[in-house]
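To start, the structure under review is shown below, and the notes come after it.
Both backbone and side-chain heavy atoms feed into the values below; hydrogens, waters and symmetry mates do not.
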Amino acid sequence: LSKDCWTLSKASPNSTLNLISTDEYTIPSSLDNIEEVLIEAITLNTAIAQSMFAVGNDELRPITSGIYITTKEKTFQCTASDGHKLVRNTYKLETPIKNLNFVLPTKAAKLIKSLTDKVTTPVTINHNGREAMFIFENDTLRYRLLEENARTITLSFHTETTIRQL
């Protein structure tokens, strides 16, 4: 192991990995035109845990492969569906917050759930319509949204029942 090179060997053949200093990685700039919301880590963790079972895994329908998150005044809502299962959980908040609407991709949701298991402080969500950034106590997760203009998901149920007496 040297400063710029790491050699792995197990019997043969040897493999060499070239390393890059962390100083050479660019730090992403902050989001422009953001909406910022604070949500308790336990609320976010519970919401993701209760919604994950209904998330779809069809790559041809990316809008169903995530959790639709909405906030309005004193409510935080998560909705997920794979076309067969549907879950919608609403959580009451103590303080009013700004309105947000976005789809949280499955991979990001799993990462956020594991990160919120470890923190007790509120999570800051920055959102600008194209990207979202979750800021935790010691970590930051930034990702692109699945659908930039996915502002509404319309759910409708039509049930028609005919009862005949014999």
Side-chain angles (χ1 to χ4, degrees), residues 17 19-157:
L17 298 174
L19 305 177
I20 298 174
S21 170
T22 56
D23 298 332
E24 295 181 29
Y25 285 100
T26 59
I27 298 173
S29 61
S30 62
L31 299 176
D32 297 327
N33 302 323
I34 65 166
E35 295 178 19
E36 185 173 288
V37 170
L38 282 172
I39 294 182
E40 291 296 324
I42 189 73
T43 304
L44 187 58
N45 187 301
T46 303
I48 291 171
Q50 292 178 345
S51 302
M52 283 302 292
F53 80 93
V55 172
N57 58 3
D58 186 359
E59 292 179 11
L60 297 176
R61 297 187 302 166
I63 199 75
T64 65
S65 63
I67 300 172
Y68 182 61
I69 293 180
T70 57
T71 60
K72 186 176 182 181
E73 296 177 8
K74 289 188 173 187
T75 59
F76 172 67
Q77 198 171 72
C78 290
T79 307
S81 177
D82 66 353
H84 300 286
K85 298 177 291 247
L86 171 68
V87 64
R88 186 176 92 185
N89 295 309
T90 303
Y91 305 90
K92 299 291 182 196
L93 303 174
E94 295 176 10
T95 57
I97 58 175
K98 293 180 183 177
N99 296 349
L100 290 180
N101 297 305
F102 62 92
V103 177
L104 180 63
T106 305
K107 287 182 182 179
K110 288 177 182 178
L111 287 170
I112 291 167
K113 183 177 178 330
S114 68
L115 289 170
T116 54
D117 282 337
K118 303 171 188 172
V119 296
T120 55
T121 58
V123 177
T124 303
I125 302 173
N126 292 333
H127 173 269
N128 71 353
R130 286 187 24 223
E131 296 178 272
M133 187 174 359
F134 286 75
I135 303 170
F136 302 92
E137 198 170 15
N138 298 317
D139 301 304
T140 300
L141 175 68
R142 182 176 179 166
Y143 70 92
R144 286 188 52 225
L145 298 176
L146 288 175
E147 297 282 333
E148 183 176 342
N149 295 321
R151 297 284 182 206
T152 58
I153 294 178
T154 305
L155 302 173
S156 61
F157 300 95

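- The shortest distance between side-chain heavy atoms of L100 and E35 falls below 4.5 Å.
- Taking each heavy atom of I42 and T46 in turn, the nearest pair found is O-OG1, 2.8 Å.
- Between I48 atom CD1 and N89 atom CG the span is 11.5 Å, to the nearest 0.5 Å.
- Taking CG from L44 and CD1 from I39, the interatomic distance works out to 6.0 Å, rounded to the nearest 0.5 Å.
- When all heavy atoms of A54 and A80 are compared, the closest pair comes out as CB-O, 3.7 Å.
- To the nearest 0.5 angstrom, C78 atom SG is 6.0 Å from I67 atom CD1.
- The pair E94-K74 does not count as a salt bridge, with every side-chain nitrogen at least 4.0 angstrom from each carboxylate oxygen.
- In summary, of the residues considered (L115, D117, L111), a side-chain contact (heavy atoms from CB on, under 4.5 Å) with K113 occurs for D117 alone.
- Scanning both residues, E73 and N99, for their nearest heavy atoms gives N-OD1, 3.7 Å.
- The shortest distance between side-chain heavy atoms of M52 and T106 falls below 4.5 Å.
- A perpendicular orientation is assigned to the rings of F134 and F102, their planes being inclined by more than 60° (bins at 30° and 60°).
- Contact of the T75 side chain with the L93 side chain is not registered, since no non-hydrogen atoms from C-beta on lie closer than 4.5 Å.
- Distance CD1/I135 to OG1/T140: 5.5 Å, rounded to 0.5 Å.
- Defined by atom type and a distance below 3.5 Å, a donor-acceptor pair is present between the side-chain atoms of Q50 and Y91.
- Heavy-atom minimum distance, I97 versus L38: CG2-O, 4.1 Å.
- Rounded to the nearest 0.5 angstrom, E137 CD and T124 OG1 are separated by 11.0 Å.
- For the pair F136/T116, a side-chain contact is recorded, criterion being any heavy-atom separation below 4.5 Å from C-beta on.
- G56 and D82 get closest at one heavy-atom pair: CA-CB, 3.4 Å.
- Summarising the geometry, atom OG belonging to S114 is positioned 9.0 Å from atom CG belonging to N45; distances are rounded to the nearest 0.5 Å.
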Trace of the side chain to side chain contact (heavy atoms under 4.5 Å, CB included) decision for F76 with T43: CA-CA 9 Å; F76 172 67; T43 304; 4.0 Å; yes

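- A 4.5 Å side-chain heavy-atom check between I69 and Q77 finds every atom pair outside the cut-off.
- No more than 12 heavy atoms of other residues, nucleotides or ligands sit less than 6.0 Å from atom NZ of K107.
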